[in-house]
J.: 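Could you have a look at this structure, given as structure tokens, before my questions?
One is the number of the first residue; the rest follow in order along the sequence.
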Amino acid sequence: IACAVARAVHGAPVRAATAATMRPAAARRLIVSSVWVDDFKARCEAIKGDVGYEESALQLRELIKSGALRFTALRDEPEKFFLAHRLLGMRATELGPGFGIRFTVQFNLFAGTVLGLGGPEQLAALEEWQEKGVLGCFALTEKLAGVNSGLVVNTQATFDRDRRVFVLTTPDAGAEKNWISQGWVADKAVVVANLTVGDDAVGPHAFIMDFRNGDGEVVPGVRLTDMGRKTIGNDLDNAAIAFDGVELPESALLNRYCEIDASGAYRQKVDGIRAFDMIGQRLFSGRVAVAQAALEYRRGLFAKTRAYSDEKACWAPKGGRPPLSTIPQLRALYEEEAARGAELDAFVGQCERELSERLAADALPDAALIEAIAVAKVRAVDESIDLAFRLKQEVGSYALMAGSGFEQADFLQCCKFAEGDSRVLMLKMARDRLRRVP
């Protein structure tokens with residue numbers, strides 16, 4: 001079965017991988033106005049990638065305050081949410097991954113988690129945070145539970161019944177939150193921790209916390225470590241985070257699906273829905289956005305390279321000067337990319353439309369859609385890595401030139417590990433198929 005999944009993801013056309021189990025295209029489809037598209041494109045064009053993380057963070061604050069994309073878009077206008085990611089992805093060959101990651105952490109992982117798991121008061125706070133341009137991070141990944149290990153959480157949150165507060169603790173170095181994007185500059189954080197209430201360990205839950213006080217200083221008990229300079233995307237800050245007995249008010253627990261009752265006992269509000277199951281919902285929207293980002297980078301890279309090779313004259317006998325694009329192996333690669341790209345665009349687009357319908361209806365995706373989204377993410381990223389590498393081999397020193405887009409190739413490395421390592425996703429798909437065997 002694992003081999004069958006690998007073939008579905010890497011070998012056969014994507015339509016054969018899961019399309020047979022997906023529903024017809026969703027009937028609901030928001031038509032985004034051309035005025036909004038032009039406005040958001042202009043805002044994307046104004047983004048600078050050759051800046052430090054402080055200036056990059058300021059750019060996002062201004063974009064948030066503009067209201068061009070609302071924190072509630074994932075629920076109210078999911079089509080606009082995904083289109084915004086694609087429009088920003090069109091600049092991937094110039095900007096690299098930094099601002100795009102910052103953007104999706106803010107709107108999908110941070111605000112999206114509050115939107116999906118928050119109670120009425122917490123949802124109302126999103127409007128205030130938008131007006132103020134509040135930046136947030138999403139603290140899930142830990143040092144001994146990175147992208148290759150799946151969702152493992154060892155950070156602890158213990159409810160103190162006498163004082164009705166949660167005490168957030170990092171028990172050891174392996175439980176430190178790791179590679180937390182926007183973690184160095186964030187005003188607030190969604191922190192995922194194992195919750196203990198009395199003698200009951202009730203599993204991972206999400207908490208919203210103030211990361212900084214009124215003076216902009218990190219709150220007591222929070223230790224930050226800069227992850228250091230990277231090969232790419234240094235306009236994005238990444239932090240390791242540890243908690244030394246940080247006290248959070250009772251209102252910090254995202255409480256749409258659970259709460260602490262008056263007696264100090266844990267109560268699940270909706271039968272059959274665990275809080276941790278809902279935390280994972282943001283991974284589905286994130287995987288679609290990552291797949292789209294990989295495709296936009298690849299499309300931009302091939303377009304830039306094609307424009308160059310169409311004008312690059314080559315030597316030929318009898319005085320001919322054919323353009324580089326006509327060389328058989330390069331021409332064949334362009335044709336292959338166009339065909340495979342069209343197929344993947346259609347497949348990822350179908351995933352987006354179905355997921356948008358579920359998001360707008362506040363409904364969970366079914367197993368077929370979850371698998372389709374995983375296939376879309378793995379296939380879009382891995383295929384883009386393969387095609388970009390092969391393109392680099394065909395264009396010589398052009399691939400070494402600044403501005404060619406090849407200098408941002410590690411954009412795809414970021415995509416490979418974002419929202420679940422591709423290999424772990426394939427293992428998960430194999431496991432889930434085994435579980436469906438009678």
J.: For the CG atom of N108 and the CD1 atom of I101, what is their distance to the nearest 0.5 Å?
T.: 13.0 Å
J.: Using side-chain contact (heavy atoms from CB on, under 4.5 Å) as the criterion, point out the one residue from E176, E142, K177 that pairs with I241.
T.: K177
J.: Around K392, counting heavy atoms of other residues, nucleotides and ligands shown, do more than 12 lie under 6.0 Å from its NZ?
T.: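 12 or below, so no.
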J.: Working to the nearest 0.5 Å, report the span between CD1 of I232 and CG of L236.
T.: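 Taking CD1 in I232 and CG in L236, the distance rounds to 11.5 Å.
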J.: Give the minimum heavy-atom separation between E407 and T93, together with the two atoms involved.
T.: OE2-O, 4.4 Å
J.: Go through R436 and D432 one step at a time and tell me if the salt bridge (charged side-chain N to carboxylate O under 4.0 Å, His left out) criterion holds.
T.: CA-CA 7 Å; R436 294 198 294 268; D432 291 347; 5.6 Å; no
J.: For the side chain of E419 and the backbone of S285, is there at least one donor-acceptor N/O pair under 3.5 Å apart?
T.: no
J.: Hey, is the main chain of D362 close enough, under 3.5 Å, to the side chain of R75 for a donor-acceptor pair?
T.: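 Checked: no pair found.
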J.: Within the structure provided, determine whether D382 and K416 are in side-chain contact (heavy-atom separation under 4.5 Å).
T.: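 They are in side-chain contact.
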J.: Would you check if the side chain of R282 reaches a backbone N or O of G112 as a donor-acceptor pair within less than 3.5 Å?
T.: yes
J.: So, the side chain of D235 versus the backbone of S56: is there a donor-acceptor pair under 3.5 Å, distance only?
T.: no
J.: Run the salt bridge (charged side-chain N to carboxylate O under 4.0 Å, His left out) test on D345 and R299 for me, step by step, so that the C-alpha distance in whole Å, both residues' side-chain angles and the decisive distance to 0.1 Å come before the verdict.
T.: CA-CA 11 Å; D345 282 339; R299 194 183 340 271; 2.8 Å; yes
J.: To the nearest 0.5 Å, tell me how far Q106 CD sits from R102 CZ.
T.: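 The CD atom of Q106 sits 9.5 Å away from the CZ atom of R102.
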J.: Could you tell me if the side chain of Q281 sits less than 4.5 Å from the side chain of R358, heavy atoms only?
T.: no
J.: Show the numbers, then the answer: is there a salt bridge (charged side-chain N to carboxylate O under 4.0 Å, His left out) between R70 and E131?
T.: CA-CA 10 Å; R70 305 302 300 179; E131 299 307 315; 3.4 Å; yes
J.: Is K65 paired with E62 through a side-chain N to carboxylate O contact shorter than 4.0 Å?
T.: yes
J.: Would you check if the side chain of K143 reaches a backbone N or O of A240 as a donor-acceptor pair within less than 3.5 Å?
T.: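 Between the backbone of A240 and the side chain of K143 there is no qualifying donor-acceptor contact (under 3.5 Å).
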J.: Run the salt-bridge test on E337 and R390 with the 4.0 Å N-O cut-off and return the result as yes or no.
T.: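 The answer is no: the pair does not qualify as a salt bridge.
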J.: Heavy atoms, side chains only, cut-off 4.5 Å: are L355 and P78 in contact?
T.: no
J.: Kindly check if the number of other-residue, nucleotide or ligand heavy atoms within 6.0 Å of NZ (K48) is above 12?
T.: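 It does not: K48 NZ has 12 such atoms or fewer within range.
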J.: Less than 4.0 Å between a side-chain N and a carboxylate O, is that true for E250 and R164?
T.: yes
J.: Which heavy atom of L95 sits nearest to which heavy atom of Q408, and what is that distance?
T.: C-NE2, 4.1 Å
J.: Side-chain contact, heavy-atom cut-off 4.5 Å: F82 with L359?
T.: yes
J.: Quick check: do D160 and E247 have side-chain heavy atoms less than 4.5 Å from each other?
T.: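 Of all side-chain heavy-atom pairs linking E247 with D160, none is under 4.5 Å.
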J.: Is there a donor-acceptor contact under 3.5 Å from the side chain of Q130 to the main chain of F71?
T.: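 Pair found, side chain donor or acceptor close to backbone of F71.
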J.: Ignoring hydrogens, what is the shortest heavy-atom contact between A84 and F103? Give both atom names and the distance.
T.: CB-CZ, 4.1 Å
J.: Is the shortest distance from a Lys or Arg side-chain nitrogen in E383 or R298 to a carboxylate oxygen in the other one below 4.0 Å?
T.: yes
J.: Counting C-beta onward and ignoring hydrogens, is there a side-chain heavy-atom pair between T158 and F166 closer than 4.5 Å?
T.: no
J.: Are any of the side-chain heavy atoms of I64 and L135 separated by less than 4.5 Å?
T.: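 Side-chain contact under 4.5 Å: yes.
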J.: Using 0.5 Å steps for rounding, measure from the OH atom of Y266 to the CG atom of D200.
T.: 10.5 Å
J.: Side chain of Q182, backbone of G136: donor and acceptor closer than 3.5 Å?
T.: yes
J.: Between F40 and W36, how do the two ring planes meet: parallel, tilted or perpendicular, split at 30° and 60°?
T.: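 The arrangement is parallel - the two ring planes meet at less than 30°.
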J.: Would you mind reporting whether K230 and W179 have side-chain heavy atoms less than 4.5 Å apart?
T.: yes
